[in-house]
*Asks:* 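Here it is: the structure, laid out below.
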Protein chains: 2
Amino acid sequence: MEPFGALADPVRRALLQRLARGPARVVDLTAEHDISRPAISRHLRVLGEAGLVAAEDVGRERHYRLVAEGLHPVRAWLDQVTVVAGPRVPEHVLDALDLEVRRTGRDRAQTSPSHRHTQETG
Amino acid sequence: MEPFGALADPVRRALLQRLARGPARVVDLTAEHDISRPAISRHLRVLGEAGLVAAEDVGRERHYRLVAEGLHPVRAWLDQVTVVAGPRVPEHVLDALDLEVRRTGRDRAQTSPSHRHTQETG
DNA sequence: TCTATTAGTAACAAAGTAGTTACCAATGTG
DNA sequence: CACATTGGTAACTACTTTGTTACTAATAGA
């Protein structure tokens, strides 16, 4: 859940996009985001807890960089959902599935499978 | 933008996963989600506004189904970020990039950075 | 050493989110 | 027709999120 929640905020997505092009300091990231530095700082903390960014201390500066692997759960979820949904099922096939699911739902409610009248499928 | 926010909630993600396996009614979706039907109903509304699900009225029932294309912006964003971040850049290369960016950040206040670092690592 | 820069934390206010119960409308079914 | 089923909306509450300003700590540099 962590990475999904982290991606919900547009500022955090912009930060990740920026970091995808290379590491940056907090002041640099703040410079182009009409919000205060503490706000950016907290966004970075959220991203860090989600495993999407990592920081390295360089003197008094802190260099944040993208951790692309942190996005893996998101990609995996996306793949799972879209693959199971099937590769471009035509509309009329979805309709057929639709009727099927309705019948199943009713059967489950009263647990009597002898009640089927399969006159819709051809 | 919208779809990202919709995916932030675990209940909504579960609903999408469920609908990926076929359409379902609201009562069916509610049956396996220890929250009330109005809550599910509102989640479905959010998903609908995000373009991730669609509904079809069948008598007094409403059949929701996944709209997989609605996830396309998410996948596109993921692709963009991970592609730009590069395919598995080794740690020492990231360090090099790190130093490069730090110097550039300082230069930006004075001179114009008219160079680029586009090195492939295979 | 004194001062500027960088960055995190604390405390707070405004807004959004997610759940609840109560209610209403529409559609099947005995 | 009477009644159950299905599903959306309204009103409300509790919690979370996101921004702010003020403060503190550590490092760089004249």
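For clarity, every value in this text was computed on a predicted model and none was experimentally measured. Every chain is numbered from 1, with letters handed out A, B, ... down the list of sequences.
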*Asks:* Rounded to whole angstrom units, what separation is found between the CG atom of L44(B) and the C1' atom of dG19(C)?
*Replies:* 15 Å

*Asks:* Tell me the interatomic distance from H43(B), atom NE2, to dT9(D), atom P, rounded to whole angstroms.
*Replies:* 15 Å

*Asks:* Just to confirm, is there a sub-4.0 Å distance from OP1 or OP2 of dA7(C) to any side-chain nitrogen or oxygen of S41(A)?
*Replies:* no

*Asks:* Suppose we call a contact any N or O donor and acceptor under 3.5 Å apart; does that hold for the side chain of R62(A) and the base of dG8(C)?
*Replies:* no

*Asks:* Is it the case that one hydrophobic cluster holds both V67(B) and W77(A), taking links as side-chain heavy atoms less than 4.5 Å apart, direct or via other members?
*Replies:* no

*Asks:* Nearest whole Å is fine: how far is dG8(C) P from R60(A) CZ?
*Replies:* 14 Å

*Asks:* Could you tell me the separation between the CD1 atom of I40(B) and the C1' atom of dT21(C), rounded to a whole number of Å?
*Replies:* 16 Å

*Asks:* For R25(A) and T30(A), does a side-chain donor sit closer than 3.5 Å to a side-chain acceptor?
*Replies:* no

*Asks:* Identify which nucleotide among dT21(C), dG7(D), dT18(D) has an atom closest to any side-chain atom of R25(B), counting heavy atoms from C-beta outward.
*Replies:* dG7(D)

*Asks:* Using a cut-off of 4.0 Å on non-hydrogen atoms, how would the nucleic acid contact of R37(A) be classed: base, sugar-phosphate, or nothing?
*Replies:* base

*Asks:* Between dT6(C) atom C1' and L29(A) atom CG, what is the distance in whole Å?
*Replies:* 13 Å

*Asks:* Of the candidate nucleotides dG19(C), dT21(D), dG8(D), which contains the atom at the shortest distance from the side chain of P38(A)?
*Replies:* dT21(D)

*Asks:* Using the side-chain heavy atoms of V27(A), tell me which of these nucleotides is nearest: dG8(D), dT6(C), dG8(C).
*Replies:* dT6(C)

*Asks:* Atom CD of E2(B) and atom P of dT17(C): how far apart are they, to the nearest Å?
*Replies:* 9 Å

*Asks:* Using whole Å, report how far CD of E49(B) lies from C1' of dG8(D).
*Replies:* 13 Å

*Asks:* Answer whether the closest heavy-atom distance between the side chains of L15(B) and Y64(B) falls below 4.5 Å.
*Replies:* no

*Asks:* Could you tell me whether the side chain of R13(B) and the main chain of L7(B) form a donor-acceptor pair under 3.5 Å?
*Replies:* yes

*Asks:* Rounded to whole Å, please give me the gap between CZ in R42(A) and P in dT17(D).
*Replies:* 10 Å

